[in-house]
Amino acid sequence: MRKSNYRLATFLVAGAISAVALDAKVKHQKTSPQDQIVVEAHLPVTAGPITRFIATRHYDRSYVYAEREAGMPVTLIDITNTAHPRVLSEVALGAASGELLAVAGTAALAGGVSPAKLPVPQTVSLMDFSDPTQPKVTKQFEGVTAIEKIAGGSVILLANKDGIWILKQHFAEDPAAEERYAREVVYGQSMY
């Protein structure tokens with residue numbers, strides 16, 4: 001290769017690498033990562049207010065039993081893919097069955113003769129504290145009758161007159177930790 005072509009190729013490669021690095025640095029400075037709790041999905045349900053959620057697993061599937069007061073149907077929901085939950089069934093336990101006492105995957109134990117008490121509906125607010133001096137409400141859920149945190153705490157279920165809301169926690173990646181990982185693991189350069 002001729003010397004002038006080699007210099008030109010070296011210059012172009014160095015310029016491209018610098019442009020990529022600068023672009024990544026600018027993007028990193030413009031958008032600092034934020035923790036979030038977002039609405040993954042909404043399932044409208046009309047068979048009455050939900051009073052309790054019971055979460056369980058069966059093999060690699062995640063299920064939730066959405067319970068109502070005695071005599072009302074229990075809804076079985078597959079939440080394995082929280083963005084696309086599926087109602088699998090609604091089954092009436094009967095007035096004498098009362099409530100769900102235990103669940104194990106795809107099996108449930110219903111019993112008790114006293115009807116479940118409906119909770120006092122409450123308002124639950126989704127808050128953004130990314131600017132601690134000016135927190136803001138990003139979404140409000142009125143008339144919440146049941147709430148449950150499941151799946152290691154990253155999935156939150158809410159129920160109100162509009163149905164079941166599936167929320168998911170997303171934790172921001174730490175840019176400094178990512179940079180350390182890249183240096184130490186990817187490039188084999190220890191910081192210590």
Side-chain angles (χ1 to χ4, degrees), residues 33-172:
Q34 299 295 321
D35 298 319
Q36 298 178 344
I37 299 176
V38 297
V39 174
E40 284 281 302
H42 174 248
L43 286 171
V45 291
T46 57
I50 292 168
T51 58
R52 181 169 70 145
F53 293 108
I54 304 172
T56 188
R57 293 192 56 80
H58 179 68
Y59 298 124
D60 64 343
R61 311 299 300 174
S62 295
Y63 297 109
V64 170
Y65 291 84
E67 187 178 49
R68 295 173 181 82
E69 67 180 337
M72 300 298 290
V74 170
T75 304
L76 177 59
I77 306 162
D78 183 339
I79 63 163
T80 304
N81 180 349
T82 55
H84 301 286
R86 294 181 316 136
V87 173
L88 300 177
S89 66
E90 284 198 351
V91 95
L93 299 178
S97 295
E99 61 187 37
L100 291 174
L101 301 174
V103 298
T106 57
L109 176 66
V113 290
S114 61
K117 290 173 84 176
L118 281 177
V120 176
Q122 57 184 303
T123 299
V124 175
S125 300
L126 196 53
M127 303 288 297
D128 178 358
F129 287 93
S130 57
D131 179 355
T133 62
Q134 297 180 356
K136 56 187 171 197
V137 175
T138 58
K139 184 156 182 67
Q140 243 176 348
F141 302 91
E142 301 288 335
V144 173
T145 56
I147 186 168
E148 183 73 24
K149 197 172 183 181
I150 61 169
S154 67
V155 176
I156 303 160
L157 301 169
L158 297 173
N160 65 5
K161 65 179 175 46
D162 298 322
I164 298 170
W165 300 86
I166 300 174
L167 310 177
K168 194 159 186 185
Q169 294 175 317
H170 297 277
F171 294 97

Please assess Ile156 against Ile147 for the test side chain to side chain contact (heavy atoms under 4.5 Å, CB included), listing each intermediate value before the final yes or no. CA-CA 7 Å; Ile156 303 160; Ile147 186 168; 4.2 Å; yes
Whether Ser154 side chain and Gln169 backbone form a donor-acceptor pair below 3.5 Å: no
Using the test ring pair (Phe, Tyr, Trp, His ring centres under 6.0 Å), find all partners of His58 that sit at least two apart in sequence or belong to another chain. none
Looking only at heavy atoms, the pair that brings Ala41 and Ala83 closest together is CB-O, 3.8 Å
Could you tell me the separation between the OH atom of Tyr63 and the OG1 atom of Thr80, rounded to the nearest 0.5 Å? 6.0 Å
Please check if the number of heavy atoms outside His42 that lie under 6.0 Å from its NE2 is greater than 12. yes
Val137 side chain reached by Lys139 side chain, heavy atoms, under 4.5 Å: no
Suppose we screen for side chain to side chain donor-acceptor pair (under 3.5 Å). Which residues come up paired with Gln140, at least two apart in sequence or across chains? Ser125
Provide the full list of salt bridge (Lys or Arg N to Asp or Glu O under 4.0 Å) pairs with a residue in residues 78-92, sequence neighbours left out, each pair given once. Arg61-Asp78, Arg68-Glu90, Asp78-Arg86
Considering only heavy atoms from C-beta outward, does the side chain of Tyr65 approach that of Thr75 to under 4.5 Å? no
Walk me through whether Leu88 and Ile77 qualify under side chain to side chain contact (heavy atoms under 4.5 Å, CB included). CA-CA 6 Å; Leu88 300 177; Ile77 306 162; over 6 Å; no
Enter the distance from Thr51:OG1 to Glu67:CD here, rounded to the nearest 0.5 Å. 5.0 Å
Residues Ser62 and Arg57: closest non-hydrogen pair is OG-NH1, 2.5 Å
Take Phe53 and Ile150 through the test side chain to side chain contact (heavy atoms under 4.5 Å, CB included) and record every step on the way to the result. CA-CA 9 Å; Phe53 293 108; Ile150 61 169; over 6 Å; no
Compare every heavy atom of Thr138 with every heavy atom of Met127, then report the nearest pair and how far apart it is. N-OG1, 4.4 Å
Would you mind writing out the side-chain donor-acceptor pairs for residues 157-164 within the sub-3.5 Å range, not counting sequence neighbours?
from: Asn160; atom 1: OD1; to: Asp162; atom 2: N; distance (Å): 2.9
from: Asn160; atom 1: OD1; to: Gly163; atom 2: N; distance (Å): 3.4
from: Asn160; atom 1: OD1; to: Trp165; atom 2: NE1; distance (Å): 3.1
from: Asn160; atom 1: ND2; to: Glu142; atom 2: O; distance (Å): 3.2

Could you check whether any side-chain N or O of Thr145 sits under 3.5 Å from a backbone N or O of Ile50, counting only pairs where one atom can act as donor and the other as acceptor? yes
Only counting residues at least two apart or in another chain, list the ones meeting side chain to side chain contact (heavy atoms under 4.5 Å, CB included) with Thr82. Glu40, Val155, Ile166, Lys168
One pair to check against side chain to side chain contact (heavy atoms under 4.5 Å, CB included): Thr123 and Val144. What are the steps and the verdict? CA-CA 6 Å; Thr123 299; Val144 173; over 6 Å; no
